[in-house]
Amino acid sequence: MRPSMYLYTMQLSEQERIRRDSLVELRKLGIDPYPAAAFDATHRSTELAASFKDGMEVTLAGRLMSRRIMGKASFAEMQDSEGTFQLYLNRDELCPGEDKTTYNVVFKKLLDRGDFIGVTGETFTTQTGEQSLLVKKLTVLSKSLKPLPAVKVDDAGNTHDAFADPELRYRMRYVDLVVNPHVRETFESRSRIIRTIRESFDQKGWLEVDTPVLQAIPGGAAARPFETHHNALDIPLYLRIANELYLKRLIVGGFEGVYEFSRNFRNEGMDRTHNPEFTVLELYVAYKDYHWMMETIETLIGDVCQSVHGKMQANLGGNEINFKPPYKRVTMRDAILEHTGVDIDGKDEAELRSACQSVGVDTDDSMGKGKLIDELFGEKCEHHYIQPTFIIDYPVEMSPLTKVHRDKPDYTERFELMINGTEVANAYSELNDPIVQRERFEEQLKLGERGDDEAMFIDQDFLRALEYGMPPTSGVGIGIDRLVMMLTNQTSIQEVLLFPQMRPEVFSAGPNLKALEEWGIPCEWTEHVAAAGFDSAATLAETSPASLREKMNGYRKKNKLSISALSLEDVESWYSSNH
RNA sequence: GACUUCUUAGCUCAGCUGGUUAGAGCAUCUCACUUUUAAUGAGAGGGUCCUGGGUUCGAGUCCCAGAGGGGUCACCA
């Protein structure tokens, strides 16, 4: 960890000390740097720019992002939730009377980049044609004590000194959002995508529901769950890896369509397409099959793209993707045949294993037929599907929750939507035969015994629900994070999650000043001894009195402390008081 | 989890085969400046070179260990 990220409060940078001093000065002037009262703006920046006329009376609130001070007049940039707006501050306009404190002291000396202010004034256009606000009243709304990264953008649109370190950006997303406008745009797009889907589903009369995140049996997918413990019941509980089985119970219960934006949790690796928690949209609609679902999904994806880009096309890492429906349908068998020359039709496990080896796909003994086919597709085919394509008709062994194909008994009615070489959606004609479902679960159990640690658990209550009868149903899961990545041209999932998972940051507990005092350091020295790095009795004990004296006198000189220098006797007396 | 690479001022980065007091731009501070826009001009301050060991007369630089990040791979969506 960078030491700058866990500085003790007394080890402030020069800029931070100056800002704290300004805070004190503001209070001396009778200005509350953190006022309680609401501040009502009449406009936001972009809205004002759109309706701009000279001579409008306007109040704005936002963050002061830059100042260009030229003696008795200044320009400043103010940033609000929509964008930035230029302020013009003229000493005599802001302070018409004798007292010029607001301009000369408050604005020029005590305000800093990052402070929240409110301004009231009159709009006008500068000589260079820039829409501006002539400020007549200035209100301090909140003082910022830490300097923001000094990002600058020049006339040509080039960014200088960008705040680009991923570690700092993800750990301090609040700073990232302030100084990197494109980051805010990405999350606005994310919100628009989710809103478009929700509005579309609501319009069709489907019900948005909430199902348990804490589950006793983590079902509905094949993945390692996070485990936790419920104290009152004294049982293990799992964070859901999927919500599928609960939504199907609701179809059993009589809802015709149900959907949920489900935060799922999987205890697996992290990389630029995987985060331990991620969002999947699950939708189940009764009396439908997977053909209907393909039409629904291609229409939906097209609409979502339209809402983000205003058209059906998007550029993704140099690939022009056309989201306009209809999308190509390719069977899994044809996909594998095309890209490997292997025909999986009618092959048994041994034949598939040797076929894998012949095309250079690694296998191991825990892999069943389904897993082998999955490997063939994942290794050799998946990345070829750049334009939206439905891969359909998956082998039975890969799909324990899916209905067998109406014409082809070795396959299921399942599709995955591939875009830019990545899976975006996964859908079935849902298996609703309770007896077959029980057999499928038992096959999964056998795979688990063979060492496949992702094989599914058996959910007896879910089977009971099916025994009461589930209508023919089609269901789909859409990886929302990946969909957002595609529609915002991001290559990392961390760029579409506001707070991606990171290893926790280590903050120092800070020095224990009391312990230093008890150790024998006089109180006027404790803070400085700690700041010099001797923040515990243990570190002091490891240092010789002579060396400590030398270090502290050097520290005193460097920081121009007004306390007198230490003699060796002083320091030795600290030490001897401990023995 | 494996491999690889990075960590120097508030921010973005230089720093050569180890060698005076570790540099630049922006930011900050002081002064000047009443329509600028990466404002400008003059001056100043600001550093645990990620941490801990080691080699050396001498380490930001070389070696070892550790922390955190990025990339690639594995697992997965």
Side-chain angles (χ1 to χ4, degrees), chain A residues 1-7 11-19 21-22 65-77 84 86-93 103 109 112-114 124-130 132 134 145-171 175 179 221-224 241-242 264-280 362 374 378 382 416 422-426 453-454 477-483 485 491-494 502-506 531-533 558 560:
Chain A
M1 188 46 44
R2 299 180 171 199
S4 60
M5 295 180 66
Y6 54 87
L7 287 174
Q11 286 179 311
L12 297 171
S13 71
E14 181 193 28
Q15 294 189 43
E16 288 173 291
R17 283 196 302 269
I18 288 164
R19 283 169 182 238
D21 291 345
S22 299
M65 292 304 283
S66 75
R67 285 179 301 170
R68 297 181 286 279
I69 297 172
M70 294 160 298
K72 296 180 187 67
S74 302
F75 287 92
E77 297 297 326
T84 60
Q86 174 165 283
L87 308 179
Y88 174 68
L89 294 100
N90 180 300
R91 188 191 66 182
D92 299 324
E93 295 280 354
Y103 181 76
K109 304 283 182 200
D112 291 289
R113 176 179 153 80
F124 75 106
T125 305
T126 64
Q127 290 173 1
T128 50
E130 179 91 3
S132 305
L134 171 61
L145 297 181
K146 277 186 161 311
L148 289 167
V151 182
K152 291 206 166 187
V153 181
D154 66 20
D155 280 342
N158 302 313
T159 302
H160 300 261
D161 303 332
F163 180 62
D165 181 333
E167 175 178 6
L168 297 178
R169 286 185 48 232
Y170 301 152
R171 286 195 194 281
V175 173
V179 302
R224 275 190 289 274
I241 56 173
N264 294 346
F265 304 83
R266 297 190 183 174
N267 204 343
E268 286 161 352
M270 294 163 60
D271 60 32
R272 69 174 205 276
T273 53
H274 298 86
N275 193 67
E277 57 181 293
F278 61 103
T279 303
V280 174
D362 291 338
D374 194 30
E382 198 172 59
E416 290 192 358
T422 312
E423 176 197 337
V424 173
N426 181 14
D453 54 6
E454 286 162 4
I478 299 177
I480 291 295
D481 308 301
R482 290 192 178 170
L483 182 63
M485 284 168 67
T491 54
S492 159
I493 196 169
Q494 295 169 309
M502 303 280 280
R503 197 177 290 272
E505 191 172 342
V506 178
K558 189 171 157 193
K560 303 186 179 89

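Note: hydrogens, waters and symmetry copies are ignored here, and every other heavy atom, side chains too, is used.
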Measure from the side-chain N and O atoms of A/Asn90 to the backbone N and O of A/Ala73, and report whether any donor-acceptor pair falls under 3.5 Å. no
Find the distance A/Phe124:CZ to B/U34:C1' and express it as a whole number of Å. 11 Å
Between B/U28 atom C1' and A/Lys146 atom NZ, what is the distance in whole Å? 15 Å
Have a look at A/Asp92 and say if it touches a base, only the backbone sugar-phosphate, or nothing, with a 4.0 Å heavy-atom cut-off. base
Of the nucleotides B/G69, B/U28, B/U35, which one has an atom closest to the side chain of A/Tyr88? B/U35
Taking only the P atom of each, what is the distance from B/G53 to B/G15 in whole angstrom? 28 Å
Touch check for A/Ile69, heavy atoms < 4.0 angstrom, all strands: base, sugar-phosphate only, or nothing? base
The side chain of A/Pro166 lies closest to which of these nucleotides: B/U34, B/A77, B/G70? B/G70
Base of B/U36 paired with side chain of A/Thr126 (donor-acceptor, under 3.5 Å): yes
Under 3.5 Å for both donor-acceptor distances, Watson-Crick or wobble: does B/U17 have a partner, and if so which one? none
Sugar-phosphate, base or nothing in reach of A/Asn275, heavy atoms under 4.0 Å: base
Given the rule in the side chain to side chain contact (heavy atoms under 4.5 Å, CB included) test, do A/Arg113 and A/Gln15 qualify, once you have shown the distances and angles that lead to the verdict? CA-CA 11 Å; A/Arg113 176 179 153 80; A/Gln15 294 189 43; over 6 Å; no
Would you indicate what A/Gln127 reaches in the nucleic acid, counting non-hydrogen atoms under 4.0 angstrom: base, sugar-phosphate, or nothing? base
As a quick check of understanding, evaluate side chain to side chain contact (heavy atoms under 4.5 Å, CB included) for A/Ile478 and A/Leu483, giving each step before the final call. CA-CA 8 Å; A/Ile478 299 177; A/Leu483 182 63; 4.2 Å; yes
Can you find a donor-acceptor pair, distance only, under 3.5 Å between A/Gln15 side chain and B/A27 base? yes
Between atom CZ in A/Arg19 and atom C1' in B/C11, what is the gap in whole Å? 12 Å
Rounded to whole Å, the CD-P distance (A/Glu130 to B/A39) equals 12 Å
Grab the CG-P distance between A/Asp374 and B/C75 for me, whole Å please. 10 Å
From the list B/C31, B/C11, B/A77, which nucleotide is the closest neighbour of the side chain of A/Arg482? B/A77
Side-chain contact, heavy-atom cut-off 4.5 Å: A/Val175 with A/Pro149? yes
Would you say A/Glu77 and A/Gln86 make side-chain contact, with heavy atoms under 4.5 Å? yes
May I ask you to evaluate whether A/Gln494 reaches the phosphate of B/G70, defined as a side-chain N or O under 4.0 Å from OP1 or OP2? yes
Would you say the side chain of A/Asp165 and the base of B/G69 hold a donor-acceptor pair, judged only by whether the two atoms sit under 3.5 Å apart? no
Residue-phosphate contact under 4.0 Å: A/Arg169 side-chain N/O, B/G69 OP1/OP2: no
Rounded to the nearest 0.5 angstrom, the CD-NZ distance for A/Glu16 and A/Lys146 is 3.5 Å
Is_stacked (A/Phe278, B/A77) at 5.5 Å, 30 deg: yes
Reckon A/Arg272 touches a base, only the sugar-phosphate, or nothing at all at heavy-atom distances under 4.0 Å? sugar-phosphate
Length of the line joining A/Arg113:CZ and B/C29:P, which is rounded to integer Å: 13 Å
When the P atoms of B/C49 and B/G10 are considered, how many whole Å apart are they? 12 Å
Expressed in whole Å, how much space separates the P atoms belonging to B/U8 and B/G70? 15 Å
Interatomic distance where CD1 belongs to A/Ile18 and C1' belongs to B/G46 [whole Å]: 9 Å
To the nearest 0.5 Å, tell me how far A/Arg482 CZ sits from A/Met485 CE. 7.0 Å
Over all atoms of both residues, closest heavy-atom pair of A/Arg169 and A/Phe163: CD-O, 3.3 Å
Picking from B/A77, B/G70, B/C11, the nucleotide nearest the side-chain atoms of A/Tyr170 would be B/G70
The answer to which of A/Ala162 and A/Ser66 contacts RNA chain B further toward the 5' end, by nearest nucleotide, is A/Ala162
In whole Å, what is the span from the CE atom of A/Met65 to the C1' atom of B/U37? 15 Å
Mind checking the C1' distance from B/U21 to B/G46? Whole angstroms is fine. 15 Å
Please compare A/Pro147 and A/Arg67 by the position of their nearest nucleotide in RNA chain B and report the one closer to 5'. A/Pro147
Expressed as a whole number of Å, how far does the P atom of B/A27 sit from that of B/G66? 42 Å
Considering only the P atoms, how many Å lie between B/C62 and B/A14, rounded to the nearest integer? 15 Å
So, OP1 or OP2 of B/C31: does either fall under 4.0 Å of a side-chain N or O from A/Lys109? yes
Between B/A22 and B/C29, how far apart are the C1' atoms? Round to whole Å, please. 22 Å
Inter-nucleotide P distance (B/C3, B/A65), Å rounded: 11 Å
From the list B/U12, B/C33, B/A77, which nucleotide is the closest neighbour of the side chain of A/Ile493? B/A77
At under 4.0 Å, does any side-chain N or O of A/Lys152 touch on OP1 or OP2 of B/U37? no
Taking the side chain of A/Glu14 as its heavy atoms from C-beta onward, which of B/U34, B/U36, B/G46 lies nearest to it? B/G46
Within the 4.0 Å heavy-atom criterion, would you say A/Glu416 contacts the bases, only the backbone, or no part of the nucleic acid? nothing
Would you say the side chain of A/Leu89 lies within less than 4.5 Å of the side chain of A/Arg67, judging by non-hydrogen atoms? no
If B/U7 has a Watson-Crick or G-U wobble mate with both distances under 3.5 Å, name it; if not, just say none. B/A67
So, does A/Arg68 get its side chain near the phosphate of B/A39, meaning an N or O under 4.0 Å from OP1 or OP2? yes
Among the nucleotides B/U36, B/U34, B/G69, whichever has the atom closest to the side chain of A/Lys72 is B/U34
Between B/C11, B/A77, B/G68, which nucleotide gets closest to the side-chain atoms of A/Arg171? B/G68
When both distances are under 3.5 Å in a Watson-Crick or G-U wobble arrangement, the nucleotide paired with B/A24 is B/U12
What's A/Asp271 touching, base or sugar-phosphate or nothing? Going by heavy atoms closer than 4.0 Å. base
State the CD-OG1 distance between A/Glu423 and A/Thr273, to the nearest 0.5 angstrom. 11.0 Å
Determine whether a donor-acceptor pair (one donor, one acceptor, N or O, separation below 3.5 Å) exists between the side chain of A/Glu167 and the base of B/G68. no
Taking any strand in view, what nucleotide pairs with B/U30 in a Watson-Crick or G-U wobble way, both distances under 3.5 Å? B/A42
